[in-house]
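Just so we're on the same page: letters track the sequence lines, and every chain starts at 1. Small disclaimer: the values here were computed from a predicted structure and weren't measured.
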Amino acid sequence: MDGRLANRWRLTVNEKKFIETALASNLRIDGRNPLEYRKIIIKFGRQVAWEEDGSSEVHLGQTHVMGFVTGQLVQPYQDRQNEGMLLIFTEFSPMADPSFEPGHPGESAVELGRIVDRGLRDSRAVDTESLCVLSGKLVWAIRIDLHIVDNGGNLIDAANIAALAALLTFRRPECTLGGDDGQEVIVHPPEEREPLPLIVHHLPVAITFAFLGSEGKLVVDPTYSEEAVMAGRMIASVNANGDICAIQKAGGEGVPQSAIMHCLQLASMCAISITKKINSAVEAYSTERALRKIKRHPTVAGNVSVAGSDVKEQNKTVEQVGGSDLSRHHIERLKLVSEETCSRSNDNDGDIKSSEQGGTSRGESKAMNFLGGPSNWDPYLKGVDHDSLKANVASHGILTQHMEQKEREQNSPKMDTQKRTEDIKQATLATDTSGTALEMNEERTLKDAAKPKNKRRKRASSMNAS
Amino acid sequence: MESERDDGRSPSQLRPLSCARNVLHRAHGSASWSQGDTKVLAAVYGPKAGTKKNENPEKACIEVIWKPKTGQIGKQEKEFEMILKRTLQSICILTLNPNTTTSIIVQVVNDDGALLVCAINAACAALIDAGIPLKHLAVAICCCLAEGGYVILDPTKLEEQKMRGFAYLVFPNSVVSVLPKGSSRVEGEPMEHGIITSVTHGVMSVEEYLKCLERGRAASTKLSDLLRRSLQSQLPSDSSKAV
């Protein structure tokens with residue numbers, strides 16, 4: 001369409017010259033070193049109990065990619081009767097870049113998909129033989145959907161990390177063979193049997209190198225303006241053991257062999273640090289997930305409505321920011337909410353019991369609620385999510401109201417399975433006197449949790465200002 | 001008759017909402033909207049030069065692209081695109097920029113009931129973020145009819161599947177919650193009580209539908225309040241997005 005050509009973004013000659021000249025003095029336009037990677041933030045999506053997990057969100061600087069992994073039972077290929085399938089679909093969403101057209105994937109989308117595919121399949125990173133359920137009849141087909149949501153440059157690396165993160169957190173339901181002749185496949189839902197993770201032997205990480213200017217200056221992790229200027233590019237998929245899983249250099253300017261060797265060495269070093277980041281993010285997510293699972297067992301035997309309320313799980317975000325600082329916050333928040341849910345669940349019951357009895361049962365309920373902390377934690381955590389913080393502090397008023405109500409309602413079915421405990425006053429008094437009690441008031445706890453983040457931001461910004 | 005919903009909400013209680021603007025860097029306007037577990041990301045590019053072939057070049061054209069979470073684009077996605085397009089066409093001022101196309105791209109991040117409603121709200125917020133001139137905002141809500149004949153709002157996916165029928169309703173954003181006497185009236189009814197879009201699934205009687213409308217309208221004032229407050233206080237902090 002003629003009109004659309006007018007909308008395409010082109011880099012001006014001035015910008016091109018500026019980027020090249022700055023690079024001559026080893027400066028990049030966003031202030032990085034030529035061999036420095038942008039900040040990587042890996043988040044994991046929400047999980048609903050009856051759906052497999054396996055969704056990830058990766059922010060590489062301004063580039064934003066989402067990965068979703070799903071599994072399905074299908075017939076295997078004729079020539080690979082014992083192996084499962086790995087399918088990668090890439091979507092260059094038109095929201096990422098005004099030049100991306102909807103519909104049929106363009107050549108860069110296909111290239112991205114092929115690079116991720118080769119890195120995972122040819123290097124046997126994902127064990128496909130373990131995906132076989134019934135040889136020749138039924139195997140698992142794992143489908144990875146990569147959605148490019150924001151194009152800030154270097155989509156291949158970001159998409160690769162998203163695919164790896166999603167694969168590591170994906171769980172497939174367990175299947176057993178049953179029936180009369182052992183030929184019938186029974187798929188167990190997650191409530192019955194714990195879903196299984198995929199067997200991933202190693203993580204092939206893609207590192208993109210761009211060659212800019214006439215001398216072929218090398219930069220790692222180009223932004224989209226650098227990509228518009230570059231003369232050639234090379235993508236190396238390397239794993240943390242130093243194995244090269246795939247190299248892609250499709251045309252572009254000729255590069256001497258020494259430069260290629262240099263790139264590969266750099267790639268192994270980058271791969272080690274990125275693999276560490278991915279692994280720590282996945283681990284943090286898995287431990288939270290495990291904590292949530294523990295809570296499920298005592299209540300699953302009880303009310304069906306409780307399972308229903310468990311199922312409404314909210315967003316889980318694990319940020320790769322300061323590391324320990326944030327995890328401490330998370331643990332604090334965990335404690336905060338466990339106390340909160342304890343007191344609120346006690347609030348809901350009107351029954352009056354003797355304080356002694358109340359004490360012991362409260363202790364029990366506290367223990368149970370503490371394990372139940374994380375799942376009830378989620379609607380609350382939503383309120384202090386990055387995004388909603390960005391939205392409005394004033395709207396927190398309504399938000400907290402909604403969430404208080406919601407949590408109260410959530411906790412009331414929970415209480416059905418537990419013994420009727422004591423009075424409101426008694427509960428708050430007793431919990432106040434206990435050593436580990438924190439703020440009981442709901443408003444305060446929500447804002448308290450919100451404050452540290454805000455404070456952190458203010459502190460950071462004041463530090464930058466000073 | 002009050003009944004216990006699965007997650008313990010009352011029949012007229014909405015799930016916790018969160019709305020964030022300006023979440024993407026390349027898009028001219030973007031917003032993410034989540035109601036409970038349903039989360040939708042919307043981005044706006046525009047106005048761009050030229051309209052599509054069959055569109056009227058004397059007006060601005062709106063193009064909606066719906067991206068599902070997984071899977072191919074099928075009939076349902078096309079239907080959502082059409083509904084969204086027509087809804088947004090009625091709130092945008094189309095005569096301002098003739099012969100241009102504004103693209104709205106909707107990406108489903110998670111679907112847990114009331115998906116179209118979430119998408120409409122997200123698209124509205126994204127349009128505001130992009131600075132596209134609008135007549136008024138649109139506030140969408142989903143009302144379900146349960147077996148007992150009572151109306152529940154903002155269902156989850158499970159509830160949607162169990163219900164006898166449900167309706168997606170889109171109301172214009174009212175500026176005041178109580179209409180003053182002299183407010184503009186169209187055929188004896190205040191303008192703010194109009195319905196922009198209504199999509200129903202399932203079977204319901206006329207009275208039940210009207211009951212849904214009532215409940216939906218009441219909830220929409222609350223929702224539009226929240227929307228206005230959250231979108232107003234955002235400072236224009238973004239630098240030029242033209243690149």
Heavy-atom pair with the smallest gap, counting every atom of Lys69(B) and His147(A): O-NE2, 2.7 Å

With only heavy atoms counted, which part of Ile73(B) is less than 4.5 Å from chain A, the side chain, the backbone, both or neither? neither

d(Phe100(A) CZ, Ile105(B) CD1) to nearest 0.5 Å is 11.5 Å

With a 6.0 Å cut-off (strictly less than), is the heavy-atom count around CD of Gln89(B), excluding the residue itself, greater than 12? yes

Do Arg26(B) and Asp97(A) meet the salt-bridge criterion of a basic N to acidic O distance under 4.0 Å? yes

Quick one: does Lys67(B)'s side chain get under 4.5 Å of Pro94(A)'s, heavy atoms only? yes

Here the gap from Met95(A) atom CE to Ile104(B) atom CD1, rounded to the nearest 0.5 Å, amounts to 11.0 Å

Leu24(B) side, atom CG; Asn151(A) side, atom CG - distance, nearest 0.5 Å: 11.5 Å

Locate the shortest heavy-atom distance separating Thr70(A) from Thr70(B); write the atom from each residue and the value. CG2-CG2, 4.2 Å

